[in-house]
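Let me begin by presenting the structure, written as structure tokens, before commenting on it.
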Amino acid sequence: MKRLLRAITPAEVERLVAQGCSAESWDEVWVPEQFDIAHVVDVHFSGTVCLGAFRKSFTLPGGLVRHSGVRHATLHNVTLGDDVLIEQVHNYIANYRIGRESIIQHVDLLLVEGRTSFGNNVEVSVLNETGGREVPIYDGLSASLAYLIALYRHRPQLIAHLRQLIADYAEHVADTMGTIGERVIIRNAGTIRNVRIGSYARVENCTRLENGSINSKQEAPVFVGDSVIAEDFILSSGSQVADAAKLIRCFVGQACHVTHNFSAHDSLLFSNCSFENGEACAIFAGPFTVSMHKSSLLIAGMYSFLNAGSGSNQSNHMYKLGPIHQGIVERGSKTTSDSYILWPARVGAFSLVMGRHYHHSDTSDMPFSYLIEQDDETYLVPGVNLRSVGTIRDAQKWPRRDKRTDPERLDQINYNLLSPYTIQKMLRAVEILRNLQSLVGETSDVYYWQNTRIKGSSLRNALSLYGMAINKFLGNSLIKKLEGTRFRSMEEVWAQLQPTEYKGSGEWLDLAGLILPKEPLEALLIDIEGGEVQSLADIEGFFHLVHAHYYTLEWTWAYEMIERYYGVDLRTISAQQLIALVRRWQDSVIHLDEQLYADARKEFSLAMMTGFGVDGSRKEQLEDFEGVRGDFENNPFVSAVRDHIVKKRALGEELITRLAPLVE
């Protein structure tokens with residue numbers, strides 16, 4: 001930087017002194033060749049200070065115009081880009097490089113003290129407050145990598161290698177000088193210590209920021225607002241932390257919102273999470289975890305795509321050995337108002353938790369279920385959420401609510417309700433339920449499983465719902481594979497059905513939003529343990545790659561499952577057998593849609609109109625309801641369900657038409 005600048009002249013020093021400036025050593029003050037000295041007023045220089053050119057003016061909110069420059073500030077070891085505006089620094093700025101066109105006004109203290117990694121390699125005691133599952137955070141941390149570090153403690157070599165890679169990254173970015181990027185606004189802030197701030201960030205009215213990184217960029221600016229306190233943190237691109245939120249040892253993912261007095265410590269909050277009013281302690285919040293209400297406490301749990309109702313609560317100790325217990329709520333679940341779970345427990349994917357649950361149940365093999373408290377017992381209603389309008393609506397809204405604008409996305413997110421991950425669980429659920437029937441009897445009123453109770457009617461209904469969902473998924477995969485080709489022979493059909501990827505067999509996993517087969521992941525982990533993988537970028541590249549190939553991997557799994565489940569050989573299957581599978585798929589899809597249609601109709605019942613047309617007749621009640629909610633037949637979701645039935649029936653018929661000439 002000095003090579004682009006020149007030493008300040010004696011005449012300029014005299015002018016600066018006349019403007020209220022002073023320096024420990026004027027020999028350490030460097031300026032550009034074209035230096036507009038008029039815009040440096042009442043500034044004390046300490047250490048080495050490099051100034052930029054001051055040519056530009058800024059129009060501030062409300063219309064006030066301020067010219068770039070430095071006024072009423074103390075600078076120690078500071079380098080400024082061109083057209084920076086610094087005013088009213090109440091204490092001082094020390095050890096920072098400040099990018100062009102940044103604005104810093106009314107700041108108390110802005111400094112880097114010693115050598116720091118800016119929040120990188122801070123250990124977050126996630127899931128267990130007493131330690132044992134610490135995740136060292138870093139700028140590029142993904143939910144999937146954090147999942148491995150937190151939960152794969154049975155592989156100490158793997159954990160040691162991953163921790164070393166993150167430590168190496170932290171050492172690489174460590175510095176005694178901080179960076180404030182281009183076009184950053186820092187206004188009315190308290191103490192900012194050892195914080196690196198990316199371009200286009202806005203930091204306004206915050207109270208205290210210590211040891212962190214604000215990874216803002218032009219495509220995805222970060223906002224830190226009123227009365228925020230954050231220590232040992234990383235804020236990813238596009239995130240917003242405001243309104244007296246407090247973060248201690250936290251990673252905040254891309255496009256997260258943490259506002260309205262929410263407090264969190266030792267927590268990981270990944271992409272598109274939204275938190276307001278409540279509290280989080282040692283949580284692993286995968287993508288789209290939402291908690292918006294006061295009196296809600298998420299503690300020592302792992303979640304993703306969660307919607308936490310008001311007053312949702314968990315506890316992680318039973319007053320014996322302390323807070324050592326943890327819980328897992330699998331993707332897509334909801335907790336109702338005032339729900340409670342005593343950890344340890346595990347809740348299956350896309351489930352609804354209602355009431356208070358103390359019995360440490362594990363329903364991970366029963367996705368799409370209700371857990372209902374009745375007489376202090378946990379009643380499980382398996383599979384019933386498959387016919388819930390709310391479940392389908394959630395699946396539709398998540399992609400639309402992905403607010404990430406950064407082209408470099410940290411988390412790989414699969415939004416599918418039905419996938420090898422959930423279908424393999426349904427297959428296990430069917431086996432479990434049939435075994436219960438066999439052991440206890442098909443006419444039993446209540447069955448006992450994993451510290452839950454299942455009513456006989458619920459069990460029989462679950463077998464039907466799971467069966468239809470399995471048919472729907474396998475049929476979807478089959479039809480997708482055969483689309484777009486006018487077949488001339490069954491040999492062509494068999495050839496098109498052949499998988500093109502051979503790593504999708506066996507068990508599938510959900511790595512906090514990323515759905516993938518276990519086999520390629522296992523190969524990656526072995527390479528990491530053996531020292532074959534030498535960079536975090538290679539690991540994240542694997543997650544990107546496997547996500548990009550999801551549908552080819554999915555077909556490999558579905559191909560094998562179709563053969564096993566229906567007892568067919570896809571290498572020699574007849575056209576007649578394929579048509580029968582398509583018919584079964586049509587029946588299942590349409591039957592599930594009809595149940596969704598019926599569930600949606602409940603939202604338009606007379607009971608739901610209570611409180612509408614408050615001072616009128618029944619007719620006015622109906623008219624007021626329709627004025628607010630619309631009528632049933634024209635509701636967008638209802639229309640979408642009707643259209644879905646028509647389209648899926650037509651899709652099946654189109655394939656049958658192409659296969660019909662091949663029937664022998």
Side-chain angles (χ1 to χ4, degrees), residues 1 39 43 49-61 64-112 116 118-120 139 173 175 177-226 228 230 233-242 252 254-256 405-406:
M1 192 68 179
H39 302 296
V43 180
V49 178
C50 301
L51 300 178
F54 302 121
R55 298 180 293 259
K56 183 175 179 178
S57 292
F58 299 92
T59 301
L60 305 181
L64 178 66
V65 176
R66 300 294 292 167
H67 199 284
S68 58
V70 185
R71 305 175 188 91
H72 314 296
T74 296
L75 305 182
H76 174 75
N77 291 337
V78 172
T79 297
L80 304 184
D82 290 339
D83 298 313
V84 168
L85 172 61
I86 298 177
E87 294 183 312
Q88 304 297 338
V89 177
H90 305 144
N91 209 313
Y92 59 91
I93 299 175
N95 305 317
Y96 266 98
R97 306 179 191 95
I98 300 173
R100 66 183 181 87
E101 299 182 26
S102 288
I103 299 174
I104 300 174
Q105 294 176 305
H106 295 278
V107 174
D108 184 22
L109 183 62
L110 178 61
L111 82 154
V112 168
T116 176
F118 307 102
N120 286 279
D139 294 320
V173 300
D175 203 338
M177 292 285 289
T179 300
I180 295 172
E182 298 179 356
R183 298 186 180 180
V184 172
I185 295 175
I186 305 174
R187 184 178 287 135
N188 300 328
T191 297
I192 301 176
R193 185 192 308 268
N194 291 358
V195 177
R196 182 180 57 188
I197 303 175
S199 297
Y200 291 82
R202 280 195 302 135
V203 180
E204 297 185 338
N205 307 314
C206 73
T207 299
R208 179 163 51 88
L209 305 176
E210 295 198 17
N211 191 33
S213 290
I214 299 174
N215 292 324
S216 181
K217 58 176 60 175
Q218 183 174 1
E219 302 92 337
V222 174
F223 174 67
V224 180
D226 294 1
V228 167
F233 66 92
I234 290 177
L235 306 184
S236 300
S237 60
S239 59
Q240 176 178 322
V241 181
V252 178
Q254 292 175 316
C256 283
T405 55
D406 190 336

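The figures here come from the full heavy-atom set of this structure, side chains too, leaving out hydrogens, waters and symmetry mates.
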Do [X] and [Y] have side chains that get closer than 4.5 Å, going by heavy atoms?
X: E87; Y: H72; answer: no
X: I86; Y: I98; answer: yes
X: E204; Y: N188; answer: no
X: R100; Y: D83; answer: no

Nearest heavy-atom pair of [X] and [Y]: which atoms, and what distance?
X: Y92; Y: L111; result: OH-CD1, 3.9 Å
X: V84; Y: G99; result: CG2-O, 3.2 Å
X: V184; Y: G198; result: CG2-O, 3.2 Å
X: V203; Y: C206; result: CG1-SG, 3.5 Å
X: F118; Y: V112; result: CE2-CG2, 4.1 Å
X: L60; Y: R66; result: CD1-CG, 3.6 Å

Report task. Decide yes or no on side chain to side chain contact (heavy atoms under 4.5 Å, CB included) for Y96 and L75, but give the supporting numbers first. Result -> CA-CA 9 Å; Y96 266 98; L75 305 182; over 6 Å; no

How long is the span from the [atom1] atom in [X] to the [atom2] atom in [Y], to the nearest 0.5 Å?
X: L209; Y: I192; atom1: CG; atom2: CD1; result: 5.0 Å
X: L235; Y: I197; atom1: CG; atom2: CD1; result: 10.0 Å
X: R187; Y: Q88; atom1: CZ; atom2: CD; result: 13.0 Å
X: S239; Y: Q254; atom1: OG; atom2: CD; result: 9.0 Å
X: I103; Y: L85; atom1: CD1; atom2: CG; result: 5.5 Å
X: D82; Y: K56; atom1: CG; atom2: NZ; result: 11.5 Å

Query raised in the report: Side chains of T179 and R196: is there a donor and an acceptor less than 3.5 Å apart?
Result: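 Checked: T179/R196 side chains show no N/O donor-acceptor pair below 3.5 Å.
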
Quick one: does any side-chain atom of [X] pair with a main-chain N or O of [Y] as donor and acceptor, under 3.5 Å?
X: N211; Y: G119; answer: yes
X: T191; Y: L109; answer: no
X: S236; Y: V252; answer: yes

Requested in this report: Carefully, step by step, assess N120 and I234 under the rule side chain to side chain contact (heavy atoms under 4.5 Å, CB included).
Outcome: CA-CA 7 Å; N120 286 279; I234 290 177; 3.8 Å; yes

Report task. Check step by step if side chain to side chain contact (heavy atoms under 4.5 Å, CB included) holds for N194 and E210. Result -> CA-CA 6 Å; N194 291 358; E210 295 198 17; over 6 Å; no

Requested in this report: Please lay out, stage by stage, how V43 and V49 fare under the test side chain to side chain contact (heavy atoms under 4.5 Å, CB included).
Outcome: CA-CA 11 Å; V43 180; V49 178; over 6 Å; no

Query raised in the report: Taking only residues two or more places apart in sequence, or in another chain, which ones meet H39 in a ring pair (Phe, Tyr, Trp, His ring centres under 6.0 Å)?
Result: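 For H39, the residues satisfying ring pair (Phe, Tyr, Trp, His ring centres under 6.0 Å) (neighbours in sequence not counted) are H67.
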
Identify every side-chain donor-acceptor pair in residues 214-225 under 3.5 Å, counting partners at least two apart or on other chains, and give the distances.
{"residue": "N215", "atom": "ND2", "partner": "D139", "partner atom": "OD1", "Å": "3.1"}
{"residue": "S216", "atom": "OG", "partner": "S199", "partner atom": "O", "Å": "2.7"}
{"residue": "S216", "atom": "OG", "partner": "A201", "partner atom": "N", "Å": "3.3"}
{"residue": "S216", "atom": "OG", "partner": "V222", "partner atom": "N", "Å": "3.0"}
{"residue": "K217", "atom": "NZ", "partner": "D406", "partner atom": "OD1", "Å": "3.3"}
{"residue": "K217", "atom": "NZ", "partner": "D406", "partner atom": "OD2", "Å": "3.2"}

